[in-house]
Amino acid sequence: MEHPWIPNSHRAVLDEMLEAMGVSSVDDLYRDIPPSIKLSPEEWDSLPIGEGRPLREAEVLARIERLLSRNRYFTDPPPFMGGGVWPRYIPSAVKALISRGEFLTAYTPYQAEISQGLMQALFEYQSLVAELLEMEVVNASLYDWSSAVGEAILMARRVTRRERVLVPETMNPLHLETAASYAYGGGVKIEEVRVDRETGFIDLEDLERKLSHGDTAALYMEYPSSYTGVIDENIEAAGEAVHRAGGLFILGVEPVSMALLKPPGRLGADVAVGDGQPLGLGLNYGGPYLGVFAVRWEGRLVRQMPGRLIGMTVDAEGRRAFAMILQTREQHIRRAKATSNITTNEALMAIAAAVYLSLLGPQGLREVAEASWYMSHYAARKLSELEGVSAPLLRGEFIMDFTVRLPIDAAEARRRLLEKGVLAGIPLGGFSFFTRNDMLLTVTEAHSKRHVDLLVDLLDSVLGG
Amino acid sequence: MEHPWIPNSHRAVLDEMLEAMGVSSVDDLYRDIPPSIKLSPEEWDSLPIGEGRPLREAEVLARIERLLSRNRYFTDPPPFMGGGVWPRYIPSAVKALISRGEFLTAYTPYQAEISQGLMQALFEYQSLVAELLEMEVVNASLYDWSSAVGEAILMARRVTRRERVLVPETMNPLHLETAASYAYGGGVKIEEVRVDRETGFIDLEDLERKLSHGDTAALYMEYPSSYTGVIDENIEAAGEAVHRAGGLFILGVEPVSMALLKPPGRLGADVAVGDGQPLGLGLNYGGPYLGVFAVRWEGRLVRQMPGRLIGMTVDAEGRRAFAMILQTREQHIRRAKATSNITTNEALMAIAAAVYLSLLGPQGLREVAEASWYMSHYAARKLSELEGVSAPLLRGEFIMDFTVRLPIDAAEARRRLLEKGVLAGIPLGGFSFFTRNDMLLTVTEAHSKRHVDLLVDLLDSVLGG
Amino acid sequence: WDEPLITEMSRPGRRGALPPRPGEDVVKAVGPIQLPRTLARDSPPSLPEVSEVEVVRHYTRLSQMAYGVDNGPIPLGSCTMKYNPRVAARLAFDPRLETLHPLQDDETVQGVLEAIYMVQEWLKHITGMDACTVHPAAGSQGELAGVLMIKRFHEIRGELDKRRVIIVPDSAHGTNPASAAMGGFQVVEVPTGDDGNVDMEALKAALGGDTAGLMITNPSTLGLFEENILDIARLVHEAGGLLYYDGANLNGIIGRARPGDMEFDIAHVNLHKTFSVPHGGGGPGSGPVCVRRVEAAPGVTLEDLLPGPRVVYSEDEGLYRVRPPGRWSVGRLRAWIANTLAVLWAYVYILAMGPQGLRLAGEVAVVNTNYFIKLMEGHWGYSLPYAPGRPRKHEAVLSAKPLKRETGATAEDVAKGLLDAGLYAPTIYFPLIVEEALMIEFTESETKENIEAYAARLKEIAEEARRDPSTPKKWPRNTSSARVDNVRANHPRTVTPTWRVEVLRRQGRLGPLR
Amino acid sequence: WDEPLITEMSRPGRRGALPPRPGEDVVKAVGPIQLPRTLARDSPPSLPEVSEVEVVRHYTRLSQMAYGVDNGPIPLGSCTMKYNPRVAARLAFDPRLETLHPLQDDETVQGVLEAIYMVQEWLKHITGMDACTVHPAAGSQGELAGVLMIKRFHEIRGELDKRRVIIVPDSAHGTNPASAAMGGFQVVEVPTGDDGNVDMEALKAALGGDTAGLMITNPSTLGLFEENILDIARLVHEAGGLLYYDGANLNGIIGRARPGDMEFDIAHVNLHKTFSVPHGGGGPGSGPVCVRRVEAAPGVTLEDLLPGPRVVYSEDEGLYRVRPPGRWSVGRLRAWIANTLAVLWAYVYILAMGPQGLRLAGEVAVVNTNYFIKLMEGHWGYSLPYAPGRPRKHEAVLSAKPLKRETGATAEDVAKGLLDAGLYAPTIYFPLIVEEALMIEFTESETKENIEAYAARLKEIAEEARRDPSTPKKWPRNTSSARVDNVRANHPRTVTPTWRVEVLRRQGRLGPLR
């Protein structure tokens with residue numbers, strides 16, 4: 001069998017190579033595998049892997065067509081759903097650039113001299129996000145927002161040598177689950193702090209109470225909250241409180257909102273995390289996304305941060321050049337003492353985000369955030385006019401996500417809307433202090449007035465009866 | 001208004017430039033346009049162009065979604081339709097490579113030294129097609145098969161200084177229409193030669209009769225016929241006849257079939273034309289396709305051929321290099337005496353064809369042609385088992401297209417099949433000697449047994465009732 | 001960089017693709033392949049045997065040795081190499097379109113037909129004409145369409161026998177005379193005056209009863225608006241000829257003036273120039289043609305003469321329909337309706353720009369041209385022939401004649417000196433009426449900074465040439481090849497248009513090209 | 001090549017995109033934007049202001065200064081940089097997928113769920129394990145999943161307090177000890193014997209009541225199959241530990257042996273290695289984890305401990321369903337189900353290969369490795385430490401120690417000498433147990449010719465070093481930069497992880513990193 005992806009698979013080539021090696025057959029190269037566990041080609045070939053035989057390209061393309069035809073694509077309107085990733089406007093140039101083979105098929109740039117372009121692109125990602133967050137150091141990416149939270153709390157444990165991490169009770173539950181997994185490995189205890197039922201802001205008294213134990217490694221907050229949408233006005237006070245108590249202040253941010261909001265670097269955050277998905281990445285049913293991780297310019301933070309860093313330096317001839325830096329933090333050098341086990345990250349997505357931020361610039365990014373603000377507030381206003389609907393449910397300001405209370409079960413409302421071709425928000429029953437009638441709705445710049453009006457009309461019809 | 005595609009559109013930049021030029025306003029640069037025909041910005045801006053205002057990218061993407069959703073895509077099964085372009089297997093690497101920006105956004109390589117890669121790719125196209133056809137000289141492309149026929153007959157007129165061109169009466173009618181347009185401009189007369197109703201072969205007696213006038217510039221034949229599918233066994237005899245009569249022998253070929261058939265270079269063809277669409281190009285509702293044009297190694301032919309040629313040469317340091325050659329044939333040098341007015345061609349499609357031929361190689365191309373042969377013959381056999389159906393209608397051999405006679409009106413059968421989700425063949429009513437019940441059916445390697453069985457079953461049901 | 005030919009990478013038995021195969025049941029049902037014995041191929045074509053890996057790498061490397069707008073400015077005059085926005089690729093490269101057969105029933109392709117229809121409509125307003133078709137595959141095919149329509153027009157009027165001449169200015173694109181010749185017309189050139197306009201006296205002398213038409217581009221290839229265009233139109237029409245507009249330079253006036261208003265009868269536009277369709281290393285393009293409804297006979301206007309199928313909207317059915325060419329049409333110029341993907345690209349571009357954006361594009365292109373002229377003003381090495389005081393439009397034509405006089409460096413040397421700095425060269429030695437011409441069109445896609453860098457490099461080239469006149473002949477040195485040997489490339493004994501020729505020649509089986 | 005930073009190309013007022021804007025009706029209905037005053041941003045982020053044209057050109061140029069498998073061989077040991085077939089991109093890059101939200105109802109994403117489900121199933125058979133999840137985002141996250149499962153396993157058994165140690169061979173990937181440490185375990189290394197196998201006596205000594213598990217890759221980073229793997233499995237299990245398989249080197253045995261058959265309890269695989277998902281310059285990847293159904297408690301097996309959501313098939317409904325992690329699961333390691341596009345890529349790859357193709361891939365990879373060793377055999381500059389007579393699998397580790405002894409040229413110098421010839425360097429200085437290590441993995445994607453060229457260049461490097469020992473220190477000279485200054489790159493006074501640091505430092509607003 002000759003295969004297009006295996007140039008030496010032609011029998012004549014293989015035989016020529018085997019002969020040069022003085023080896024009688026391919027089998028001979030596996031002679032050190034104990035016979036009891038060595039599979040014969042017949043045994044292996046009869047396993048139900050794929051369709052049990054190689055498919056020719058046209059057959060594969062037919063399978064692809066079939067797969068694609070078995071999903072429903074919501075574009076008109078896009079899903080009214082966030083939860084940590086969002087339907088957003090994506091400039092077409094992003095994918096065109098990251099699908100260039102030189103980027104797409106490259107490895108981690110271990111050889112600086114032949115990979116300067118890749119390194120520069122990653123350095124630019126780090127630099128652009130640094131400006132967005134006003135944090136000095138940004139790594140070349142982690143997996144996603146939630147695992148970045150996990151890494152951040154492990155880092156806080158290393159930096160402070162304390163075990164307790166506080167989070168608001170309205171923290172994104174999926175992020176919390178992930179953080180809990182990391183915490184389980186690292187021996188960190190996560191404790192929830194009360195959130196005000198009216199405003200959605202963190203309860204400062206409860207926070208102070210919990211900080212008073214004196215063993216808090218960090219307080220983690222979202223800004224804006226990815227599960228209530230609220231911009232917490234107590235955030236600066238909370239940060240000051242945790243700093244007074246000797247802990248780190250970790251902020252999880254939605255990056256586009258940073259065009260309108262005072263960035264974490266100005267709020268005293270020691271660490272900022274988030275997801276770069278809004279920066280030009282598709283939803284793609286789960287990923288790849290982009291874990292953002294940034295720290296202040298402080299040695300104990302930088303030296304304890306996880307992940308790869310590209311730095312600017314010079315080459316032997318004094319010209320600007322780029323290199324991987326501070327690698328002594330990483331697993332391939334430091335092994336069991338590394339700051340994380342991460343190696344493969346989300347580099348290509350980081351380049352996508354760099355392209356996005358370059359295209360949008362300060363003005364474009366602000367326009368995106370403003371459009372989100374307008375469309376979501378327009379939606380809230382229209383919804384609030386429906387009988388029995390409270391929107392927004394919480395008093396805190398928001399930019400694109402907001403909670404609503406419906407007169408019926410939110411999951412049921414969602415089902416009915418789906419029948420009419422609209423993907424509504426996330427039902428909040430069981431989450432924190434919310435009821436079964438509550439829903440997290442998302443409206444971004446990707447939604448038009450027509451989309452919102454349609455949602456409101458359809459909701460009206462499924463509610464009213 | 002600043003625009004992302006117009007870097008200097010920002011007011012401040014424009015003003016800076018105008019000031020440097022000592023020009024008071026943009027208007028001033030249009031001062032030489034007579035006032036009576038100069039539009040004011042208001043007049044122009046109110047014209048119904050696009051939607052009357054610039055659309056933002058997300059709006060454009062929504063229009064694209066809508067456009068795409070308003071077509072029906074036939075992939076399972078693919079259309080059973082040819083007619084000069086065909087549904088075929090396309091390796092995925094083709095589009096991935098031709099969409100690389102360096103190829104996609106390049107101009108005609110007027111500057112050889114900075115365009116060696118582009119030139120080499122085009123030289124490779126010429127070289128690979130030359131091998132396929134066994135013709136020595138291939139140009140870097142014309143628009144499509146039909147316009148290549150047009151150029152070929154004009155060339156025959158120049159070479160022979162005669163005005164009459166003979167074609168079989170079953171010549172592809174769309175190609176004939178195009179040839180007629182070119183002929184009208186060039187003062188060429190096209191005359192049809194009879195074709196045998198049973199075999200689909202050209203009638204040699206009628207041919208000899210028409211050649212006997214002594215004024216024939218060329219005989220054009222298709223091989224295989226793109227409108228009957230027939231491989232004409234009189235082709236060599238016909239070629240000899242026209243050569244005896246002092247005319248050129250022009251063959252129009254479907255390139256994939258050349259893997260199985262004696263190539264035009266071996267059949268004494270002076271000129272070969274065809275469409276490169278089967279070589280990795282999509283159907284794309286009309287184009288772009290790829291006009292193939294090749295000639296024998298003879299000065300009077302090469303010097304009279306239309307279109308661009310890339311040649312291999314050396315550079316000042318003696319290394320292999322590529323350049324545009326024999327440009328004195330072309331319009332930008334020769335103007336009214338040029339061999340054609342063509343300048344923009346189908347270069348990117350030629351590169352696609354080069355990639356396709358490289359991927360397929362001799363073995364792959366043969367497999368494609370063989371699969372076509374098998375699937376089309378399987379279809380003909382199954383169809384012939386249906387009551388009242390003759391398939392194939394003509395006795396001549398075929399590779400993928402063949403004619404069938406149905407017991408009902410072919411257009412009506414096609415309509416009924418479309419209702420069941422299948423695009424059947426081309427009704428032949430009104431074409432040459434065919435009846436309203438006749439249809440040109442196409443089955444290629446892109447069709448599976450399941451597809452053919454489905455067609456036959458559905459046809460059975462729409463015929464029987 | 002020394003990339004072998006793909007053929008030279010061949011190794012027997014390697015494969016780059018596994019195409020579909022018939023199942024054994026099919027093979028069994030049908031039996032072995034039968035072909036006419038005399039027509040069966042007896043040896044496979046000498047195609048390369050390479051793996052998919054090697055093919056992808058090979059063409060990736062070749063692409064890196066190419067240069068497109070994505071790499072930097074391509075200020076080729078009259079080529080309008082503007083940026084090709086990626087949002088349009090989003091449509092034109094959508095995989096679903098690959099499956100649409102041009103003979104699909106109208107009902108199944110309403111999305112595509114609507115877009116084609118809209119482009120036809122929008123082009124009417126952009127050009128100020130009455131009807132458009134997107135059928136022609138490129139500008140030169142648009143010209144051919146125009147020439148054939150001129151022919152048919154006079155034929156219908158019964159005047160074809162006498163109307164044998166098409167007039168073109170001496171500054172015209174080479175396609176104009178070539179297209180006229182393809183229509184069987186004689187070509188008469190009229191000279192350009194010092195003011196850059198057509199010499200009106202010469203035009204009047206050329207016009208007469210044998211005039212079939214006049215083909216002209218406006219702005220001209222000098223980048224100058226033809227100031228007498230209304231007089232020209234009147235004179236041509238009075239002489240009984242038709243006026244043809246070569247739209248290659250439309251970017252120079254878009255948003256400010258329209259060929260229809262100038263009383264052109266027929267006009268083509270290049271979607272791959274003004275409307276941002278990528279040029280693909282030479283093609284594909286698209287060259288729609290528009291006409292005014294000038295009557296050839298009662299009830300027959302130029303619209304009826306338009307080539308190829310067009311899309312119409314059927315109010316009754318609420319459907320877009322493909323209408324094949326009618327009885328007066330000059331017929332098809334290609335088998336199918338259009339280079340559809342190019343039309344869809346332009347559809348997206350026009351949607352995104354709207355009238356305001358198109359006007360802005362034209363205006364900035366003009367500003368860029370004149371800003372460049374300003375930067376070059378007064379330099380000892382380069383002059384601006386013809387009406388130096390008049391503003392240019394889409395392009396400017398400098399002459400390197402002063403440079404050549406002083407240093408021996410030619411326009412070609414200048415071009416190679418630009419390549420050496422990583423900049424693409426302008427169109428050179430065109431138009432023919434300018435000695436040592438450098439024809440430069442930045443379009444609206446270039447930055448001020450790039451225009452300045454370009455001007456600076458032109459001046460630097462002049463200084464280097466003055467310092468050492470032998471230097472320019474050595475350019476380029478930084479490109480993937482040094483200057484190519486064009487004599488060898490074209491000599492009958494060495495001309496090598498394909499690898500097949502090389503191989504046969506080496507085997508002694510091929511003589512010089514005679 | 002001297003490409004500025006995108007930030008340095010900024011020019012006030014330029015724009016690269018026009019994002020959506022709310023209509024005036026919406027603005028009017030809602031009124032001006034209101035944000036908490038203390039939290040409103042008072043100055044815009046310092047992002048570049050550039051046009052789309054410039055962005056496309058900039059990143060196109062940067063890409064040309066990068067090097068991927070599309071450019072040539074990347075024989076990085078343990079990285080399995082195979083060709084990434086374009087047919088898989090056809091699915092993974094389909095624009096429709098961009099719109100699929102991970103919380104869409106199962107009924108609306110049956111196509112994607114089926115593919116994920118099938119990959120889970122196929123991986124069971126490929127690894128010989130009982131259950132798989134594609135949840136982890138990369139191999140190291142797969143390892144973390146494994147370590148957490150080991151922890152949970154012992155916790156369920158009530159033995160967590162005493163089982164504090166995870167054992168790894170000294171040849172292990174750095175991720176193994178790092179992952180173990182992230183689970184809170186102590187790491188004990190066991191040495192490698194001269195035969196390339198784990199030192200069994202040392203292993204026995206290390207095993208005990210504190211053993212939580214052993215992490216090992218097989219074949220090892222030396223490219224050698226661990227011959228005692230069955231004994232190792234028995235000993236670890238007898239000691240009460242779990243056996244973890246690091247699947248980074250799976251390509252070395254695929255089609256011939258399976259971790260499940262070797263009695264591994266937990267195994268991860270790297271879709272971006274063995275299953276041809278492109279590596280994207282560092283990521284994204286995907287690191288599925290598979291387990292055998294080993295019981296932790298009655299009715300609770302390792303399957304119940306698997307992290308994250310999985311796809312199951314509901315016979316009743318005839319639907320694929322996402323099942324969230326259950327009560328015993330170690331939980332989520334990321335918010336959503338998987339790096340779906342990577343899983344879809346691997347889905348296409350496995351479909352196209354089938355078991356026969358996967359086996360062939362493994363076999364040819366092994367042949368390539370050993371052919372390369374043969375080519376290098378007996379050369380004075382390079383040795384093959386550990387069991388030189390045993391065949392390697394996916395990779396070979398040469399030592400440049402003889403070369404260094406004779407000429408002073410180090411493994412790093414050799415690497416740069418390869419870059420200089422346009423070849424990518426191997427992994428160097430790893431595994432740590434080989435001095436001046438050159439760890440080379442061609443995979444099945446390389447041609448015989450490229451392997452020969454690589455060997456030839458290695459030999460040439462040695463000769464050049466012998467001729468003039470100063471030469472290697474000057475490499476590379478043909479790359480886009482010369483050798484980079486790593487001291488400056490990492491020094492607290494000069495370390496520059498972002499442009500922001502550079503700017504603040506220049507302004508005197510940032511001290512050394514302390």
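Each chain gets a letter, A, B and so on, in the order its sequence line appears, and its residues count up from 1. It should be emphasised that the depicted structure is a prediction, and the values quoted were computed from it without experimental measurement.
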Go through the atoms of [X] and report whether side chain, backbone, both or neither lie under 4.5 Å from a heavy atom of chain A.
| X | value |
| --- | --- |
| D:V187 | side chain |
| D:T427 | neither |
| D:P44 | side chain |
| D:Y83 | side chain |
| D:R14 | neither |

Please classify the contact of [X] with chain D as side chain, backbone, both or neither, using a heavy-atom distance under 4.5 Å.
| X | answer |
| --- | --- |
| A:Q331 | both |
| A:Q116 | both |
| A:S127 | both |
| A:D144 | side chain |

Do [X] and [Y] have a side chain donor and acceptor closer than 3.5 Å?
| X | Y | answer |
| --- | --- | --- |
| A:T108 | D:H279 | no |
| A:R100 | D:S63 | yes |
| D:Y59 | A:S358 | yes |
| A:Y143 | D:S140 | yes |

Should [X] and [Y] count as an ion pair when the cut-off is N to O under 4.0 Å?
| X | Y | answer |
| --- | --- | --- |
| A:E113 | D:K416 | yes |
| D:E98 | A:K95 | yes |
| D:R15 | A:E367 | yes |
| D:E114 | A:R66 | yes |

Original post:
Is there a donor-acceptor contact under 3.5 Å from the side chain of D:K448 to the main chain of A:V13?
Top reply: no

**OP:** Look only at the side chain of A:K449 and the backbone of D:V26, and say whether a donor-acceptor pair between them is shorter than 3.5 Å.
**Re:** no

Original post:
Which distance, rounded to the nearest 0.5 Å, do you find between the OH of A:Y107 and the CG of D:L76?
Top reply: 7.0 Å

**OP:** With sequence neighbours excluded, tell me which residues meet salt bridge (Lys or Arg N to Asp or Glu O under 4.0 Å) with A:R381.
**Re:** none

